[in-house]
Protein chains: 2
Amino acid sequence: MEQESRLAGMQRPGGRTARVREAVLAATQDELVERGFHGLAMDQVAARAGVGKTTVYRRWGSPSGLVADLMTELAEQSSPHADTGSVEADLRANAASVLGAVTDRRLGATFQAVIAAATCDEEAAAALRAFYGRRVAEWARAVERAVERGELPEGTDAAEVVRAVSAPLYYRLLVTKEPVDENVAVRSALQALAAARAGAFVRAVPPPVAPSGEGERSRSGRAQNVTTADQGSEMRG
Amino acid sequence: MEQESRLAGMQRPGGRTARVREAVLAATQDELVERGFHGLAMDQVAARAGVGKTTVYRRWGSPSGLVADLMTELAEQSSPHADTGSVEADLRANAASVLGAVTDRRLGATFQAVIAAATCDEEAAAALRAFYGRRVAEWARAVERAVERGELPEGTDAAEVVRAVSAPLYYRLLVTKEPVDENVAVRSALQALAAARAGAFVRAVPPPVAPSGEGERSRSGRAQNVTTADQGSEMRG
DNA sequence: CGCCAAACGGGACTCCTGTTCCATTAACGC
DNA sequence: GCGTTAATGGAACAGGAGTCCCGTTTGGCG
């Protein structure tokens, strides 16, 4: 999308260059598994890949660049998805897929890394967006077919349903750091399904309810005890 | 809990020490807003806070340490939550609260930072867990009351419902990097509510479905098949 | 087969992060 | 007040990440 891969800019993507990239990306993943993103040192990667440090700096620039390229690589590979004819089974399969990606030692480390990188590096963020954009779109087709079959309400936002399946898993993984296991994955799928069946994903914007509670204030604002009585001073436009 | 704050270990937590901590944490937040976690340099923080670099290193050790302490500080402050008597309003208020925290320039930067730090630093991860543990527990009470009132099914896992409200917001913020606005927040709350009403959060483990399609396989070749051969109780309504 | 430029590799160099040492300040107890 | 010493502040020091320079390799092409 944004960039075919790190070979895109190369004017001579011949044998050696491709070999170098392959070796470096593999080494990067190894390092990620062993030391995590914070411990990803360009030196180490270069040494492990058996290439010059200069080369790694020149082509990838930073650890973020490495993981971004890695993610781009993964984005081009992944695509399999189920289409069983039953939304429930499809969504379960989707959840299982995410679970697998997150659980797998190698892939999990990579995802953690790319997400960490994405918090501070635009290139990594773009790679991440591209990856999920593609993946969500793939799985969304199953949901769309379910809508066509009448299993889900007309107007259901398929992509949103798919995202809703992954969201709790990533929430646990990244925010609460709770373990993510099969049980959680199944529940996640079923929750999304239940909400979808209830029409919570139909595209129309829901109407506001009477007392739309004010959110918490930032610490600098120092308002404790929101009584919710205060009416809609909207959060931000 | 793990540590009251960074003052805990201090044997002489008197005026100056407290002042230093305050100044350093404030400076840390400023730096986070301006440069983000990746650009958080101990030197800069020290200079900005008007304290010696040595002091910052001695007491916090690393950028992660700074951020973790900041999160601990925030955890002790936050507590406001709505209890309007209507689950829908409460959950909307919860979503708005999260939205506010994420949207606020200062708080948002801090959360991003602590999450980034948590991916590679156990102390930051612990601070993050503590923060959300507390916050979720607070909001869960509103859901519990809703269960008591009969608005939601018996056996509903209140904490799970609360987490389900935040999950999509953090998913967008961290994974897909889509903008998080009020619209998304409201939808998130209503999705969680719909799922809760449908009984998707009752504590019993859901039953397996017949044709559990083959999940996708992650590239490393491990298959994930949801078998969920657990005991069961029906859950869709 | 041989040219040319693209890409790589190694080593020296720079700069910045983090540490150490010691003098100075100011809480806390009396 | 006054002493003790935890805690801070400054400056010099060390180590490592990232850059630069330039020579070497190698893929593309006639």
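Residue numbering restarts at 1 for every chain, and letters A, B, ... go by the order of the sequence lines.
- Across the protein-nucleic acid pair, A:Arg21 atom CZ and C:dC8 atom C1' stand 17 Å apart, rounded to whole Å.
- A donor and an acceptor atom, one from each side chain of B:Arg135 and B:Ser97, are located under 3.5 Å apart.
- Contacts of A:Glu22 classified as salt bridge (charged side-chain N to carboxylate O under 4.0 Å, His left out), with partners at least two apart in sequence or in another chain: none.
- Qualifying side chain to side chain donor-acceptor pair (under 3.5 Å) partners for A:Asp30, counting only residues two or more places apart in sequence or in other chains: A:Arg106.
- Residues satisfying the ring-ring contact (aromatic ring centres under 6.0 Å, His included) test with B:Phe37, not counting sequence neighbours, are none.
- Between A:His38 atom NE2 and C:dT17 atom P the separation is 19 Å, expressed in whole Å.
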Base-contact (B) and sugar-phosphate-only (S) positions in nucleotides 17-24 of chain D, heavy-atom cut-off under 4.0 Å, - elsewhere: SBBB----

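- For A:Arg145, the salt bridge (charged side-chain N to carboxylate O under 4.0 Å, His left out) partners at least two apart in sequence or on another chain are A:Asp83.
- Qualifying side chain to side chain donor-acceptor pair (under 3.5 Å) partners for A:Arg48, counting only residues two or more places apart in sequence or in other chains: A:Glu31, A:Glu34.
- Every residue two or more places apart in sequence or in another chain that forms a side chain to side chain donor-acceptor pair (under 3.5 Å) with B:Thr176 is listed here: B:Glu178.
- Over its full length, the helix from C:dC1-D:dG30 to C:dC30-D:dG1 turns its helical axis through 40°, comparing axes from the five pairs at each end and rounding to 10°.
- The distance from atom CH2 of B:Trp60 to atom P of C:dT17 is 18 Å, rounded to the nearest whole Å.
- Taking atom CZ of residue B:Arg59 and atom C1' of nucleotide C:dG18, one finds them 18 Å apart after rounding to whole Å.
- Annotation: ring pair (Phe, Tyr, Trp, His ring centres under 6.0 Å) contacts involving residues 162-181 of chain B, sequence neighbours excluded, comprise A:Tyr170-B:Tyr171, A:Tyr171-B:Tyr170, B:Tyr132-B:Tyr170.
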